[in-house]
Amino acid sequence: MGKVLIAPSLLAADFLHLEEAARLVNDHADIFHLDVMDGTFVPNISFGFPVVEALRPVAKKPMDVHLMIVHPEKYIERFAKAGASMISFHEEAAEADGSDPAEILRSIRSFGVSPGLVVNPDIPAEKLFPYLELCDFVLIMSVFAGFGGQKFIESSYEKIRAVRKEILRRGLDVKIEVDGGVGPSNAAALADAGAEILVAGSSVFKAADPAAAVAALRGQSCEQV
Ligand code: DX5
Ligand code: ZN
């Protein structure tokens with residue numbers, strides 16, 4: 001299994017104790033995954049700028065803002081200023097809005113932030129292909145965006161492999177991130193398929209020992225934490 005980056009999703013953390021969640025990422029994980037939902041693109045509302053801003057002074061690892069919102073282009077600058085190092089938005093949201101994903105990806109980069117494009121499980125991998133040159137990463141949803149704690153969709157492996165193949169064919173440097181239902185039982189197989197960033201909410205924050213859960217996602221035992 002290749003080296004993977006572990007990105008705990010703070011959506012599954014105890015919101016009264018976000019500082020503890022931040023410490024877990026700072027000490028044991030690689031990336032803060034922050035899920036922003038608007039109640040329109042997805043049937044759920046999570047959090048927005050204040051939470052990202054509050055984490056900024058404590059976050060020693062990059063903050064990865066996953067936008068599950070309509071009109072993502074309107075909010076890129078504010079999330080960049082709130083401290084995001086990575087920002088992704090859904091290809092299907094841009095398409096429904098009539099906006100050009102390429103322009104939004106360029107706008108994200110113009111703020112010095114790594115751009116990423118996301119697709120839900122029902123969107124074919126090929127929808128990502130025209131934009132790969134503009135992406136630092138692509139995010140493949142392995143559940144439908146909107147809620148934590150859902151069951152991993154098995155067809156995600158095939159999609160990861162298809163995207164990996166295309167990235168290699170074109171000789172690009174684009175990381176593959178996978179999000180939804182990721183845990184110790186599928187982490188190694190996901191990495192084998194080509195995933196390089198594993199987002200994990202429930203399997204980390206609902207675990208009795210979240211630090212050990214992060215280690216397990218890397219394929220290490222508790223003793224190696
Ligand atoms: C779902 C979010 C995920 C979520 C993952 O819409 O994008 O990041 O927090 O949660 P788990 O790991 O519990 O499936
Ligand atoms: Zn997410």
Side-chain angles (χ1 to χ4, degrees), residues 4-15 18 21-22 24-25 28-48 51-52 55 61-70 72 75 79 84-93 108 113-123 128 135-157 159-160 175-191 195-208 210 212-214 216-218:
V4 288
L5 300 173
I6 308 299
S9 165
L10 273 69
L11 190 65
D14 176 352
F15 282 11
L18 276 184
L24 171 82
V25 182
H28 299 282
D30 303 294
I31 292 171
F32 287 78
H33 184 82
L34 303 171
D35 290 296
V36 174
M37 305 181 186
D38 67 354
T40 298
F41 178 66
V42 289
N44 198 9
I45 298 178
S46 55
F47 52 77
V51 171
V52 181
L55 285 166
K61 303 281 172 73
M63 293 201 284
D64 166 28
V65 174
H66 172 193
L67 297 177
M68 286 161 271
I69 64 175
V70 298
Y75 304 100
F79 279 110
S85 299
M86 302 161 67
I87 297 178
S88 63
F89 62 95
H90 282 251
E91 189 278 336
E92 64 272 27
I108 295 171
V113 174
S114 283
L117 195 56
V118 194
V119 284
N120 255 325
D122 59 344
I123 306 295
L128 296 167
C135 294
D136 282 353
F137 66 103
V138 290
L139 172 47
I140 295 174
M141 292 304 300
S142 40
V143 301
F144 281 88
F147 299 91
Q150 303 180 75
K151 194 177 170 313
F152 178 84
I153 297 172
E154 295 293 323
S155 59
S156 310
Y157 290 113
K159 202 184 233 175
I160 293 167
K175 281 196 175 356
I176 298 177
E177 179 174 33
V178 62
D179 183 6
V182 175
S185 66
N186 55 18
L190 287 166
E196 294 160 285
I197 306 172
L198 301 179
V199 176
S202 315
S203 70
V204 168
F205 288 108
K206 309 291 187 216
V214 170
L217 288 169
R218 292 190 205 282

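The structure displayed is predicted, hence computed values, not measured ones. Indexing begins at 1, ligand by ligand and atom by atom, following the structure's order.
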ask   = Do E92 and I123 touch side chain to side chain, with heavy atoms closer than 4.5 Å?
value = yes
Show the atom names and distances, to 0.1 Å, of all donor-acceptor pairs under 3.5 Å that link a side chain in residues 32-40 to residues at least two apart or in another chain.
{"from": "H33", "atom 1": "ND1", "to": "D64", "atom 2": "OD2", "distance (Å)": "2.8"}
{"from": "H33", "atom 1": "NE2", "to": "D35", "atom 2": "OD1", "distance (Å)": "3.0"}
{"from": "H33", "atom 1": "NE2", "to": "H66", "atom 2": "ND1", "distance (Å)": "3.4"}
{"from": "H33", "atom 1": "NE2", "to": "D179", "atom 2": "OD2", "distance (Å)": "3.2"}
{"from": "D35", "atom 1": "OD1", "to": "H66", "atom 2": "ND1", "distance (Å)": "3.0"}
{"from": "D35", "atom 1": "OD2", "to": "S9", "atom 2": "OG", "distance (Å)": "2.6"}
{"from": "D38", "atom 1": "OD1", "to": "T40", "atom 2": "N", "distance (Å)": "2.8"}
{"from": "D38", "atom 1": "OD1", "to": "F41", "atom 2": "N", "distance (Å)": "2.8"}
{"from": "D38", "atom 1": "OD2", "to": "V70", "atom 2": "N", "distance (Å)": "2.8"}

ask   = Is there a side-chain contact between M68 and H90 (heavy atoms, below 4.5 Å)?
value = yes
ask   = Ignoring water, what protein N, O or S atoms are under 2.8 Å from the Zn ion (ligand 2)?
value = H33 NE2, D35 OD1, H66 ND1, D179 OD2
Flag side-chain contact, heavy atom, 4.5 Å: L190 against Y157 = yes
query = Side chains of I153 and F144: does their closest heavy-atom pair fall under 4.5 Å?
reply = yes
ask   = Taking side chain as C-beta onward, heavy atoms only, is M141 less than 4.5 Å from V119?
value = no
ask   = Who are the side-chain hydrogen bond (donor to acceptor under 3.5 Å, both in side chains) partners of D14, not counting sequence neighbours?
value = H17
task = Would you mind telling me which of L24, V51, L18 makes a side chain to side chain contact (heavy atoms under 4.5 Å, CB included) with L10?
result = L18
Write 'none' if nothing qualifies; otherwise put on separate lines each N/O atom of ligand 1 with a protein N/O atom under 3.5 Å away and their distance to 0.1 Å.
{"from": "ligand 1", "atom 1": "6 (O)", "to": "G146", "atom 2": "N", "distance (Å)": "2.7"}
{"from": "ligand 1", "atom 1": "7 (O)", "to": "D35", "atom 2": "OD1", "distance (Å)": "2.9"}
{"from": "ligand 1", "atom 1": "7 (O)", "to": "H66", "atom 2": "ND1", "distance (Å)": "3.2"}
{"from": "ligand 1", "atom 1": "7 (O)", "to": "D179", "atom 2": "OD2", "distance (Å)": "2.9"}
{"from": "ligand 1", "atom 1": "8 (O)", "to": "H33", "atom 2": "NE2", "distance (Å)": "3.4"}
{"from": "ligand 1", "atom 1": "8 (O)", "to": "D35", "atom 2": "OD1", "distance (Å)": "3.0"}
{"from": "ligand 1", "atom 1": "8 (O)", "to": "D35", "atom 2": "OD2", "distance (Å)": "2.8"}
{"from": "ligand 1", "atom 1": "8 (O)", "to": "D179", "atom 2": "OD1", "distance (Å)": "2.8"}
{"from": "ligand 1", "atom 1": "8 (O)", "to": "D179", "atom 2": "OD2", "distance (Å)": "3.0"}
{"from": "ligand 1", "atom 1": "9 (O)", "to": "S9", "atom 2": "OG", "distance (Å)": "2.7"}
{"from": "ligand 1", "atom 1": "9 (O)", "to": "D35", "atom 2": "OD2", "distance (Å)": "3.2"}
{"from": "ligand 1", "atom 1": "12 (O)", "to": "G201", "atom 2": "N", "distance (Å)": "2.8"}
{"from": "ligand 1", "atom 1": "13 (O)", "to": "G149", "atom 2": "N", "distance (Å)": "2.8"}
{"from": "ligand 1", "atom 1": "13 (O)", "to": "S202", "atom 2": "N", "distance (Å)": "3.0"}
{"from": "ligand 1", "atom 1": "13 (O)", "to": "S202", "atom 2": "OG", "distance (Å)": "2.4"}
{"from": "ligand 1", "atom 1": "14 (O)", "to": "G181", "atom 2": "N", "distance (Å)": "2.8"}

query = Within the distance-only criterion (no hydrogens, no angle test), does the side chain of K175 pair as donor or acceptor with the backbone N or O of V138 below 3.5 angstrom?
reply = no
